[in-house]
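The structure appears below as structure tokens.
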Amino acid sequence: MPVFYGTQVDSALMLGTAQYPSPAILAEAFRVSQAGIATVSLRREAGGGQVFWDMIAGLGTRILPNTAGCHTVKEAVTTAQMARELFDTSWIKLEVIGHADTLQPDVFGLVDAARILTSEGFEVFPYCTEDLTVCGRLLEVGCQVLMPWGAPIGSGLGLNNPYGLRSLRAHFPDVPVVVDAGIGLPSHAAGAMEMGFDAVLLNTAVAKAGDPVSMARAMALAVEAGRAAFEADPMEPRDMAAPSTPVLGKAFLA
Amino acid sequence: MIRILGVGVMGLTLATELTARGHSVELVDPEPAPGPHGCSWWAGGMLAPYCEGESAEEPVERHGLTAIDWWQRQTGGVSRQGTLVLALNRDRGELARFARRSRGHRMLNSDAIAALEPDLAGRFTSGLFYETEAHLSPRAALTELRRRLEAKGVAIHRAPTAGKPDQLIDARGLAARDALPDLRGVRGEMLVLRCPDVTLNRPIRLLHPRIPLYIVPRGDGVFMLGATMIESDRRGVVTARSVLELLSAAYALLPAFGEAELLETGADARPAFPDNLPRLRRVGSTLYANGLYRHGFLLAPAVAAMAADHLERGIIPEFMDEVFA
């Protein structure tokens, strides 16, 4: 099971809490999936979301507040400070959005904000790209977790750059890395876990499914299967067919 | 005598239903007329059970279907022009998903859309038409319910009269949170535009992954744009971001909206229970009718009928809590 900033989490599935048809369905999705972490957005609900936040706290799941919707370092830092007070946690999923349409992270602002927040004692989970240099900088400024995207937020496109993700995993084998955003199907989640990532974080794929509770369960199963497969050391793919029954006595070299 | 607290859509609908069934009713509200203090004042007024069924629980569609006739009977002014659901080209996948998850529609091509809404000619290649849906003007409907109740001699007081009622019904919306701890507010923001250049005959819903929009024609070149859904009980003024999002979506639908006058902005918090379905709940001797969420006009008639059935025959209706506090 993944360990973030010294805390072991009971499941490699992390779920967002936005866009569900109702809080009752949200709660059921968490119950069925046994997700290990719930992410919560502060930005839009600022000032009046206490009942909703209390309900999220009541799920009994560890909470990771985020800075979703922040476009500047200042906004993100302020939102993180607010989150620390509201949820009584030093964990913060740091999002600094650089592009309004694709919601891709502003990696420059991200590094700046991460530096400020780690110096203030936050334990930062930065939402980043799979770029090795950016990830390296984030670790330099004190992040001990990385959260590269699979694809743009809410797109459901899956793992857009498998090469880049494998490369990231290989370069930082000892850093907990969570594939965040872009997961649309259980196969995407399983794929990320098969690559050896420590967890996946998703929201829209479950919340906007026709049956969010069933999809939450499917994602939990996929994450478990993907992790088990990684730990089982999968075979290497090869071009030549390799029959699993003996072919002795046949002209197999012909 | 039955005393009803609250003259929002729930209170007035209850009073109308109970009066029609021959009960003596008294309404009580510190603001004794519908107005901007109540969240139903800011509603869209779409009677769209099938479209709402896309994301709402099943009872919303089933009970919502009865609302169209109820409002026509009790207030008149219901426009049965259906609903048109559209998506911008790059979001066409949203239209397929919406079609899959809702009933009561048929797919229209570009020509059929132009025939229904000439102002949208050439702008959309496909759309979903929910022919049997309807809409009304919430402020006119609330005011008319109140007028007809007064005409029937129903008293509307700012404070309860001395007499003890045979039954107290609390329909105060979010204000009843003092007695209903699982009630929460879901913030919604809306705009009213005047754009005489644009003619639309029916509510248009524009599907968008991040900024869904509906536009309801109010007649005389006036349009209501709504509505955000934010997990917050904050009331009062709209935010710049919400105005920006709603207007940009309207502009994407039809650039002519860029010339509109922005007549009004409004925000309020809808009362909702955790499953976003309404509830009748008995606490002591008080019957609470609440949690209509974004379905005030759609579900109030059904909730009122259930409340009346419960009071008259003691049956436990579908929207009633099983556990009595």
Side-chain angles (χ1 to χ4, degrees), chain A residues 16-31 38 40-59 68-71 75 86 97 99-103 151-157 181-182 184 203-205 207-213 215, chain B residues 52-60 90-91 93-94 96-102 174 177 180-189 207-212 228-237 239 241-242 244-245 248 267-269 271-279 291 293-295:
Chain A
T17 54
Q19 303 183 66
Y20 289 77
S22 71
I25 290 175
L26 185 164
E28 187 62 8
F30 272 85
R31 193 188 65 75
V40 192
S41 157
L42 255 75
R43 187 85 196 138
R44 285 217 71 164
E45 284 80 7
Q50 195 61 50
V51 177
F52 183 72
W53 294 329
D54 288 348
M55 211 208 58
I56 302 294
L59 294 173
C70 292
H71 287 250
E75 274 181 304
L86 270 168
I97 299 302
H99 191 262
D101 199 40
T102 62
L103 300 180
I153 295 171
S155 67
L157 290 170
N203 187 345
T204 311
K208 290 294 195 185
D211 182 345
V213 176
M215 189 59 85
Chain B
E52 290 301 313
E54 183 262 339
S55 60
E57 302 272 353
E58 178 276 333
V60 172
R90 69 172 199 178
D91 303 324
E94 298 288 317
R97 180 188 54 77
F98 203 90
R100 218 165 50 233
R101 293 190 192 163
S102 59
L174 203 53
R177 257 200 300 195
L180 305 171
D182 50 345
L183 199 65
R184 76 188 197 287
V186 180
R187 179 174 161 88
E189 294 151 296
L207 305 180
H208 185 280
R210 300 214 295 272
I211 314 169
T228 55
M229 300 278 290
I230 300 171
E231 287 289 346
S232 164
D233 55 16
R234 200 159 49 131
R235 307 178 64 195
V237 296
T239 64
R241 179 204 302 236
S242 294
L244 195 65
E245 289 181 351
S248 63
D268 211 323
F273 288 108
D275 58 4
N276 291 342
L277 286 174
R279 284 286 187 297
Y293 182 51
R294 56 181 271 156
H295 302 127

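As the structure is a prediction and not an experimental result, all values here were calculated from the model. So that the names make sense, note that chain A is the first sequence line, chain B the second, and so on, each numbered from 1.
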Interchain contact, B:E54 with chain A, by part (heavy-atom threshold 4.5 Å): neither
B:E231 side chain near A:T17 side chain, heavy-atom distance below 4.5 Å: no
Region of B:R101 that comes under 4.5 Å of a non-hydrogen atom in chain A: side chain
Top of A:L103, A:L26, A:D54 for chain B proximity - count of heavy-atom pairs under 4.5 angstrom: A:L103
Which atom of A:S22 lies closest to which atom of B:P274, heavy atoms considered: CB-O, 3.4 Å
Spacing of OG belonging to B:S55 relative to OH belonging to A:Y20, to within rounding of 0.5 Å: 15.0 Å
Region of A:A207 that comes under 4.5 Å of a non-hydrogen atom in chain B: neither
Which residues share a salt bridge (charged side-chain N to carboxylate O under 4.0 Å, His left out) with B:R279, sequence neighbours left out: B:D275, B:D321
For B:R235, all residues meeting salt bridge (charged side-chain N to carboxylate O under 4.0 Å, His left out), sequence neighbours excluded: B:D268
Minimal non-hydrogen separation, A:V51 against B:L183, with atom names: CG1-O, 4.4 Å
Among A:A27, A:A24, A:G154, A:P23, residue most engaged with chain B (heavy-atom pairs, under 4.5 Å): A:P23
